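Predicted model only: the values in this text are computed from it and were never measured. In what follows, every heavy atom counts, from backbone to side chain, and hydrogens, waters and symmetry copies are set aside.
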Amino acid sequence: MGSLESKDIKIGKLTLSRKKIVNIIVICLALLLVILVASLINNDGTVVCPDCFGNDAECETCEGTGHIEVDNRYYGTFVALVPPIIAIVLALVTKEVYSSLFVGIVCGALFLGEFKPITSLDTMINDGFFASIADSWNAGILIFLVILGIMVALVNKAGGAKAFGTWAKKHIKTKFGAQMATFILGILIFIDDYFNCLTVGSVMKPVIDGKKVSREKFAYLIDATAAPICMIAPVSSWAAAVSSTASQVGENGISLFLKAIPYNYYSLLTIVMILCILIFRVEYGPMKKFEKAAEMMEDIKDEEDKKEEKQAEEKVKKSKPLVIDLIIPVVVLIISCIFGMIYSGGIFTKGGDNYGKLIQAFGDADASFGLTWGSIIALIFTIIYFICRRRLTFKETMESVPKGFIAMVPAILILVFAWTLNSMTSGLGAAGYVGAGMNGAAAGLKMMLPAIIFLVALGLAFATGTSWGTFGILIPIVVAVFGTGSELLIIGISACLAGAVCGDHCSPISDTTIMASAGADCNHVNHVNTQLPYALTVAAVSFVSFILAGVIRIWYVCLIIGVVLMVGTILGIKYLTKYFESKKVATEGRLNTEMAIDALNTENALDGVLKDEESTEVAAVEEEKAEDKE
């Protein structure tokens with residue numbers, strides 16, 4: 001075996017890097033965990049009813065018994081959360097997203113098939129991959145992704161992005177300005193998080209690259225203005241999802257959503273966080289390393305990007321594109337997607353409940369259908385527009401179709417894997433397991449429940465990668481715990497929504513996180529690693545704010561305290577970082593000084609020894625001469 005100090009370790013003829021060895025060890029430990037869990041856990045054929053949790057004597061699912069019989073020994077137990085936990089840990093340690101998600105899927109399939117090879121394989125293919133791709137919602141999102149990728153390729157080929165970049169360089173002169181423009185654009189596009197991620201990414205990428213902002217910071221800005229903003233926007237796909245879920249448990253969906261906004265600390269404090277790190281110029285954690293690297297690099301594009309950009313520039317000089325070549329397609333896309341969403345909500349259906357009612361139509365909108373519907377219209381318009389403007393020929397527009405699709409393949413692959421993993425988790429009864437635990441927590445102090453709900457929602461969304469699924473599980477439980485007409489109900493709903501967004505924001509298997517990486521053209525694992533410290537900082541302040549909200553129950557007092565805590569935390573991090581850096585520099589300087597003094601002392605000592613030897617030799621010569629004279 002080679003030396004431990006070397007980068008590679010040799011085992012016979014096999015040479016492995018330390019990173020590969022760590023990855024192998026982690027995978028082996030994950031498999032051992034699966035085997036251990038499989039051997040220890042057994043639900044004895046019954047689990048707590050996932051609908052009433054044993055609290056409803058008239059429940060049709062369990063017929064009032066509080067329990068239901070199941071065929072799978074792992075259903076409704078902790079095992080339901082093991083596959084996503086394994087996938088997340090592997091992704092963070094090995095930096096490999098595809099293989100990590102696939103290992104998680106395989107583990108989930110093994111549990112569902114009770115370790116029978118054929119059954120597990122059938123489950124993974126039919127109930128996992130096929131079901132995920134065949135789902136109409138998922139299919140609509142994939143179509144929307146591909147169309148958006150094609151539109152980005154068309155705009156780039158026509159020179160619209162380059163024209164906007166040239167305009168932005170003249171008007172946005174600083175790194176702060178580029179980041180603030182990204183932040184503002186992210187807030188303005190609040191109708192849907194998927195749409196936000198990809199649109200802001202494609203529009204602002206030339207500006208961000210020109211001001212030497214790292215792709216990791218760009219991805220954070222996109223992600224932080226996607227789901228958190230959509231969660232506090234009354235007219236958005238998220239508001240529609242929350243409203244429909246609340247309506248199913250006898251609450252006025254839109255009214256409840258609006259009342260919950262002032263208590264949604266994670267979303268509101270994320271805005272404060274972004275403003276603080278931009279205004280005070282605070283960077284910490286892994287993000288600081290990437291920001292320094294971006295500052296030192298002349299160009300963060302790879303060679304292929306540079307070659308394509310050079311070809312595009314030559315074409316741009318001849319054709320003289322305008323900024324409207326980017327603005328008009330984007331505006332048409334936004335308008336058509338909004339129109340598609342309200343159309344899917346039944347605003348134009350005569351005789352329907354939502355006819356002519358904008359808010360209600362948004363509440364019942366099918367975001368997947370609306371985005372697909374709107375993006376198809378926008379794509380057709382964009383092709384006709386560029387041909388009529390003589391920006392592109394028909395052949396050139398068709399050449400952009402496969403380019404746009406190829407650009408979205410990584411995001412599509414990760415999304416399909418994430419959806420399949422979620423299918424495995426759902427099949428193992430994760431909803432019932434978490435719901436039963438949440439219902440049991442209600443026996444404690446009600447004042448602490450909002451903070452507990454926040455943590456439960458955060459953990460569930462992080463493990464499953466879905467915020468919509470999280471609040472879909474927890475909102476009925478929260479309503480049952482607090483009852484209607486209570487201020488704590490509003491705070492509890494807000495805590496549920498905030499935790500769902502926070503977990504979604506942190507999770508490497510979240511579709512929004514994946515979209516943000518794709519929109520910023522950033523390595524997905526790097527995005528997760530750099531974003532996590534920032535998201536957890538906001539989560540910690542939000543947790544404290546929910547504790548205070550459970551006691552004070554006055555929204556503006558709690559919100560002011562939360563904002564002050566957030567600003568104070570960021571300033572504290574800034575000054576602590578500076579203190580430790582200065583201390584490190586001082587320590588290194590002292591060590592260098594001590595080493596220099598030691599070196600000087602050693603040199604002086606050597607000079608002294610040499611002089612002593614030289615004087616001894618001179619004395620010996622003189623003594624010999626004296627003896628010769630005698």
Going through the distances and angles, do Y265 and F454 end up as a ring pair (Phe, Tyr, Trp, His ring centres under 6.0 Å)? CA-CA 10 Å; Y265 296 119; F454 174 73; 9.1 Å; no

Spacing of OG1 belonging to T382 relative to CD1 belonging to I377, to within rounding of 0.5 Å: 11.5 Å

Do M287 and Q531 touch side chain to side chain, with heavy atoms closer than 4.5 Å? no

Do I229 and I271 touch side chain to side chain, with heavy atoms closer than 4.5 Å? yes

Check whether any side-chain N or O of K211 sits under 3.5 Å from a backbone N or O of I172 as a donor-acceptor pair, and report yes or no. yes

For the pair S507 (side chain) and F462 (backbone), establish whether a donor and an acceptor sit closer than 3.5 Å, ignoring hydrogens and angles. yes

Does a salt bridge link K217 with E283, judged by any charged N lying under 4.0 Å from a carboxylate O? yes

Kindly give the heavy-atom pair with the smallest separation between M424 and G128, and that separation in Å. CE-CA, 3.7 Å

Hey, does N523 have a side-chain heavy atom less than 4.5 Å from the side chain of F290? no

Around atom OH of Y385, are there more than 12 heavy atoms of other residues, nucleotides or ligands at under 6.0 Å? yes

Closer than 4.0 angstrom, basic N to acidic O: yes or no for K175 and E291? yes

List the steps and the verdict of side chain to side chain contact (heavy atoms under 4.5 Å, CB included) for T225 and V200. CA-CA 10 Å; T225 54; V200 175; 5.6 Å; no

State, with a plain yes or no, whether a side-chain heavy atom of I232 is found less than 4.5 Å away from one of L268. yes

How many angstroms lie between atom CD1 of I376 and atom CD1 of I147, to the nearest 0.5 angstrom? 4.5 Å

Shortest non-hydrogen contact from F183 toward L275: CE2-CD2, 3.6 Å

Candidate list D325, V401, T397, test side chain to side chain contact (heavy atoms under 4.5 Å, CB included), partner L154, passing option: T397

More than 12 heavy atoms from other groups under 6.0 Å of CZ on F405: no

Least distance between heavy atoms, A461 atom then A500 atom: CB-O, 3.4 Å

What are the two closest heavy atoms between A178 and V207, and how far apart are they? CB-CG1, 3.9 Å

So which atom in I324 and which in P329 form the shortest heavy-atom distance, rounded to 0.1 Å? O-CD, 3.7 Å

For the pair T513 (side chain) and P508 (backbone), establish whether a donor and an acceptor sit closer than 3.5 Å, ignoring hydrogens and angles. no

Do T270 and Y534 have side-chain N/O donor and acceptor atoms under 3.5 Å apart? no

Could you check whether any side-chain heavy atom of V330 comes within less than 4.5 Å of a side-chain heavy atom of V155, counting everything from C-beta outward? no

Gap between atom CG of N526 and atom CD of E216 - 0.5 Å precision: 5.0 Å

Would you compute the distance between atom OG of S336 and atom CH2 of W373 and round it to the nearest 0.5 angstrom? 8.0 Å

Relative to the ring of F348, is the ring of F339 parallel (under 30°), tilted (30 to 60°) or perpendicular (over 60°)? tilted

Side chain to side chain contact (heavy atoms under 4.5 Å, CB included) between N138 and I133, intermediate numbers included: CA-CA 6 Å; N138 294 347; I133 297 171; over 6 Å; no

Would you check if the side chain of S426 reaches a backbone N or O of S423 as a donor-acceptor pair within less than 3.5 Å? no

Is there side-chain contact between I328 and F381, with heavy atoms separated by less than 4.5 Å? yes

Gap separating the NE2 atom of H524 from the CD1 atom of I509, nearest 0.5 angstrom: 9.0 Å

Pair Y263, I493 - check side chain to side chain contact (heavy atoms under 4.5 Å, CB included), show working. CA-CA 9 Å; Y263 287 111; I493 293 291; over 6 Å; no

Using side-chain heavy atoms (C-beta onward) and a distance below 4.5 Å, is V501 in contact with L497? no

Could you give me the CA-CA distance, side-chain angles and deciding distance for F129 and W419, then say whether side chain to side chain contact (heavy atoms under 4.5 Å, CB included) is met? CA-CA 8 Å; F129 288 109; W419 288 332; over 6 Å; no

Within a 6.0 Å radius of atom CZ on F102, are there more than 12 heavy atoms belonging to other residues, nucleotides or ligands? no

Side chain proximity check, E396 to R391, heavy atoms < 4.5 angstrom: no

Show the nearest heavy-atom pair for residues N264 and S494, with the distance to one decimal. N-CB, 4.0 Å

Out of curiosity, I412 CD1 to I406 CD1, how far, rounded to the nearest 0.5 Å? 11.0 Å

Between S510 and D504, a side-chain donor and acceptor under 3.5 Å: yes

Using 30° and 60° as the class limits, which term best fits the ring planes of Y266 and H505: parallel, tilted or perpendicular? perpendicular

